[in-house]
Amino acid sequence: MTIAFIKSFSFSFILLLVFQWSLGQEAGNERKEIAFATFRVNRKTVNTTFDGKQGVLLKGGILRTGLDSIDVPDVEVPLNGYKPGLYILEAETMPVDPARLKKEDQSGKLTLRAKFKNGDLRPTYRIVYDIYKGGLQELGKFGIKSAKQNLKIWLPGNLVLQRLFIKPYVAPAAPVEAENYKPKVVPPAGHPRLWMNKESLPVIRERLKDSSHAEAWAEIKRRAHAEVNVSFDPQKEIFYDESLEKAIEAKAFYYLMTNDSAAGEAAVRLALGYMSVLEFGNVSYGDITREVGRAIYTASLVYDWCYPLMDAGTRQQLRADLMRLARDTEIGWPPFYGQESIVNGHGNESQVCRDLLSMSIAIYDEDPEPYKYTSYSVLEQLVPMRKFEYQSPRHNQGVDYGAYRFAWEMHAAWLYYRMLGYPVFDDNIKNLPYYWLYMRTPDGKMLRDGDMFNVKYNDSGNFYWKNPQTMLLCYAYSGNRLIKGEFVKQGGLKDNPVLFLLLDDPALKPDFDLSQLPLTKDFGPVLNGMVARTGWEENKTSGNVIVEMKGGGFHFGNHQHADAGALQIYHRGIQVGDLGLYLSYGSPYDFNFNKRSVAHSMVLVRDPDEPLLFRTKTNDGGTRFSQRFPRTVKEVLTDSWFQTGFVRASATGADAIRPSFSYFNVDITAAYSEKVEAYTKSMLFLNLRRDDVPAVVVLQDRIVSHQADMKKYWQINTIRKPGYVNGRFVLSNATDGREAVTYVNMIKPKESERTFEVLAGDSSTKVFEDYYRVNSAWPEAKGARIMVSPKAGTKLSEYAAIFQMTEKGAAELPVTIEENKSYFLLKVADKVIVLARPDVFLDENIDLNISGNGDHEIICVGLKAGFWCVKDMEKGILTSNNVLNGNHSISWKASRGRYLVYPSRPYR
């Protein structure tokens, strides 16, 4: 239906308003187009056609450097015919001259903003064109109160406003369970209750007297007493101001610690004024929801800590602004927006766990509904999920995003703990920070895991990976002195003295001696993996070797990679590892290389008919790529999509702290699509305790494809282009001028039975038929991939390789290899090894002949669970061993001679 009507006004406006109704994109959410044949337009300033098409743009001679001082609008749109309520406005625009826009842009963001005035509200600025979304922009939420309400628009130069759309704002729907939820625990009566209660408040005050808190407390005093010269004009909106928020927080905290009412009153005045004019508009770049949330959090602290200084009207005003901003968070209000969830993604960051939870606790007395929603999210969704997940003390989002997101979960853990006096999260949350200790490499960086935005790669000077806020939250919560030592090494938290003083216990002294920890870490059943080390030295001169092999377990999507079974080796730099770089989320390079198996050191199986999912364009042959994530424990356990494998065996040598060997065996069939019928993989790490050859790794892969013609690739990725000498690959890397060499000898397939290809430099990001070149100075961008394939096309492919990590110039150790039907018999250095094929547990007699002088360590891994006998055939000594399920290994010291190992329980 089209209605056109024309009317003249004394101020030279012409009205030609066209309404065109169309069904909205969301079910039940009608979307109306307000098409611009013409509007009420100011004929002095705008034209209504561009290149023969309808649209509104400034006349050619009008130049504008700003819109603040212009009173008469360019366009006026009546908003009659709508029921009172909240609506979403959208605009479709285009630059008049895109080349000029690019040339004149100073911010690098190619952003154009228009000014809008909705009814009698203050003017607001909204993005109408930018580099991120182009000319189709959601302008944000606009309220309609009156049937005669008008929307006034002031246009920037070089812009054509083509179309406007309006639709009712629909709040996220809370689950029925959340609507009917009766919180198990509620905030206690009285204030404060954020970060402290009446019992913990005097404890925090007393700790301020400790000398270790003097510097942080002095900074709080400085901020609390510093004059903040800012005025708030109710007719002018402002963008967020982090420095002002820090000043407000410090003044509120100082009042709470000292009862200095002047500081508290200043905090209240500044928070009220700031929140009343704070406007984020439709800015979406840079994950702006984090800034929205921080403002909510700051104002919530004031509401709680300065509660006695506010009257009912003041609190009502502050609550209204808090709830207004809550709607602008990415997770929305109520906090259940579509794709967002408290268990993964941005919803698992500060939005609920700190910002909205703090708000709901602070305002609970006056409005208990927000606490009902946030406590449901935390207590009924997040807490049980993490109780399950943290059976494995590592984070599914990897080193960087894991540290960032875990910090917000720790905020929730602390807020409940301090409010109630007891924890609501399972105690296994205390074990998670060990993950970051074990992933640390001697040069201060980290082994790669997930999308890495913080770690600087190979040639990055004196970079030391850190996330001190996470370490503070963790050590204070668990009382772990080693994690406090890590916090100190990371430089402390000088930019957040309030949080430091809230949590730090000066009586807990840091411990820097990591050598008391076992050198090997098995990460358990949920996120399978093993990290094995030769030492804990943290300096660039260290010759320590660190090896990681991932298993399977479960996959949680988002920043987690498709890397089940991947191998990493560090020895004076990355020798074997990942080549992906996290440069932008969801880009073709990100979804087709960085997050995919091809960027990792693991086996690829190419099925030409394998479907491509989640915006991927290339079949890399790897494990299933997933951007789905489970939201409940039931879902993760019952939906096979999330299951990627399980641990068959995990064992270490007799010395629990400095084991001579570490064995890890996994079944990762489920990580791949149906193209793989069976896949088992094992790693044996030998800590030789030598300077020249500190460690050896034996890697086995046994994989059965659905069809024989599905090509398989055993792939290892490295930083420098490798050599190939005498049938073996030669890898190398260096740190601080000291070089190490890794020799890779393949046992299976034999040299005559295999082919290989090396993709190096620009070709390293070639994924079969497609190139995904990346513009980056980091060496990973031009690394190398070794891809080994069996010549014969068979369903079953077996790979076995020995990696010797050596100092440059050191000779390889001689290795004796004897292949039997079900196992290898290997001899290297002082080790004699029985290594079962990865898919079996041995249940047969094994005859060992040990030659040479001196003691040997006999290592048998992959034995069937049960009793095993070891008989010294020369001395007639019989020993019995109970091989436990899940361990499947025995080891002992022996001199030369003959030994019989067999499954039996002797009877005497």
Side-chain angles (χ1 to χ4, degrees), residues 132 172 284 287 289 330-332 336-349 351 381-382 385-386 388-389 394-402 404-406 448-453 526-528 550 552-566 578 580-600 602 604 607 610-645 668 670-676 765 767 770 772 774:
Y132 303 101
S284 59
D287 294 328
T289 193
E330 201 170 4
I331 203 166
F336 304 104
Y337 180 75
Q339 299 304 312
E340 294 298 318
S341 168
I342 195 173
V343 302
N344 205 341
H346 288 177
N348 181 229
E349 295 181 358
Q351 294 180 75
Q381 295 182 313
L382 185 64
M385 193 68 174
R386 294 307 188 248
F388 167 76
E389 288 182 59
R394 70 183 297 158
H395 202 286
N396 63 63
Q397 296 296 282
V399 168
D400 280 348
Y401 272 99
Y404 179 75
R405 290 182 177 170
F406 186 60
R448 302 285 295 281
D449 191 13
D451 287 335
M452 307 284 275
F453 62 82
V526 178
L527 291 168
N528 306 165
K550 283 190 172 69
F554 300 90
H555 199 279
F556 299 89
N558 200 206
H559 295 288
Q560 187 177 3
H561 288 190
D563 59 358
D578 304 344
L581 297 168
Y582 181 58
L583 304 174
S584 63
Y585 189 89
S587 68
Y589 168 82
D590 187 46
F591 270 25
N592 292 281
F593 187 81
N594 173 53
K595 287 181 171 66
R596 301 286 289 282
S597 303
V598 69
H600 303 79
M602 54 191 289
L604 309 176
D607 173 7
E610 187 170 5
L612 296 174
L613 305 174
F614 304 103
R615 307 201 323 266
T616 58
K617 300 182 182 303
T618 300
N619 178 355
D620 77 326
T623 60
R624 292 180 291 113
F625 178 64
S626 176
Q627 287 294 287
R628 284 180 58 200
F629 64 89
R631 296 167 185 256
T632 65
V633 176
K634 180 180 180 181
E635 186 179 8
V636 75
L637 290 175
T638 58
D639 188 339
S640 61
W641 175 264
F642 303 111
Q643 299 167 21
T644 58
I668 50 174
Y672 292 77
S673 68
E674 295 82 356
K675 67 187 177 184
V676 172
T765 54
V767 186
D770 300 320
Y772 292 97
V774 60

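- By the 4.5 Å heavy-atom criterion applied to side chains, Gln643 and Val636 are not counted as neighbours.
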Salt bridge (Lys or Arg N to Asp or Glu O under 4.0 Å) evaluation trace for Lys617 with Asp770: CA-CA 9 Å; Lys617 300 182 182 303; Asp770 300 320; over 6 Å; no
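- Checked against the 6.0 Å centroid threshold, Tyr582 and His559 count as a close aromatic pair.
- For the pair Thr623 and Ala671, the tightest heavy-atom approach, listed with the atom from each and the gap, is CB-O, 3.3 Å.
- Contact annotation: the side chain of Tyr589 approaches that of Thr765 to within less than 4.5 Å [non-hydrogen atoms, C-beta and beyond].
- Contact annotation: the side chain of Phe556 approaches that of Glu389 to within less than 4.5 Å [non-hydrogen atoms, C-beta and beyond].
- Asp449 and His395 share no donor-acceptor pair across their side chains, judged by distance under 3.5 Å alone.
- Side chain to side chain, Arg386 and Asn348 meet the donor-acceptor criterion of an N or O pair below 3.5 Å.
- At least one side-chain heavy atom of Met452 sits under 4.5 Å from a side-chain heavy atom of Val399.
- Taking the six-membered ring for Trp and the full ring otherwise, the centers of Phe388 and Phe554 sit less than 6.0 Å from each other.
- Although no hydrogens or angles enter the test, the distance criterion places no donor-acceptor pair under 3.5 Å between the side chain of Thr616 and the main chain of Leu612.
- Side chain to side chain, Thr618 and Tyr772 meet the donor-acceptor criterion of an N or O pair below 3.5 Å.
- The backbone N or O of Ser597 sits nowhere less than 3.5 Å from a side-chain atom of Asp563 that would complete a donor-acceptor pair.
- Under the 6.0 Å cut-off for aromatic ring centres, Phe629 and Phe642 do not qualify, their centroids lying 6.0 Å or more apart.
- Proximity of Arg628 to Asp639: side-chain heavy atoms (C-beta onward) are separated by under 4.5 Å at one or more points.
- One side chain, Asn558 or Arg405, offers a donor N or O that lies under 3.5 Å from an acceptor on the other.
- Of the possible donor and acceptor atoms, none in the side chain of Asp287 sits under 3.5 Å from a partner among the backbone N and O of Thr289.
- Under 3.5 Å, the side chains of Thr632 and Gln381 contain no donor-acceptor pair of N or O atoms.
- A pairwise comparison of heavy atoms in Pro630 and Val343 identifies O-CG2, 3.6 Å as the closest pair.
- The side-chain heavy atoms of Gln627 and Lys595, taken from C-beta on, include a pair separated by under 4.5 Å.
- Remark: side-chain polar atoms of His600 are not paired, donor with acceptor, to backbone N or O of Met602 under 3.5 angstrom.
- Contact of the Leu613 side chain with the Phe625 side chain is not registered, since no non-hydrogen atoms from C-beta on lie closer than 4.5 Å.
- Looking at Glu340, its side chain does come within 3.5 Å of a backbone N or O of Gly347 through a donor-acceptor pair.
- A donor-acceptor pair under 3.5 Å links the side-chain atoms of Arg615 to the main chain of Gly586, judged by distance alone.
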Checking Ser626 against Arg624 for the side-chain contact (heavy atoms from CB on, under 4.5 Å) test, could you report, in this order, the C-alpha distance in whole Å, the side-chain angles of both residues, the deciding distance, and whether it holds? CA-CA 6 Å; Ser626 176; Arg624 292 180 291 113; 5.7 Å; no
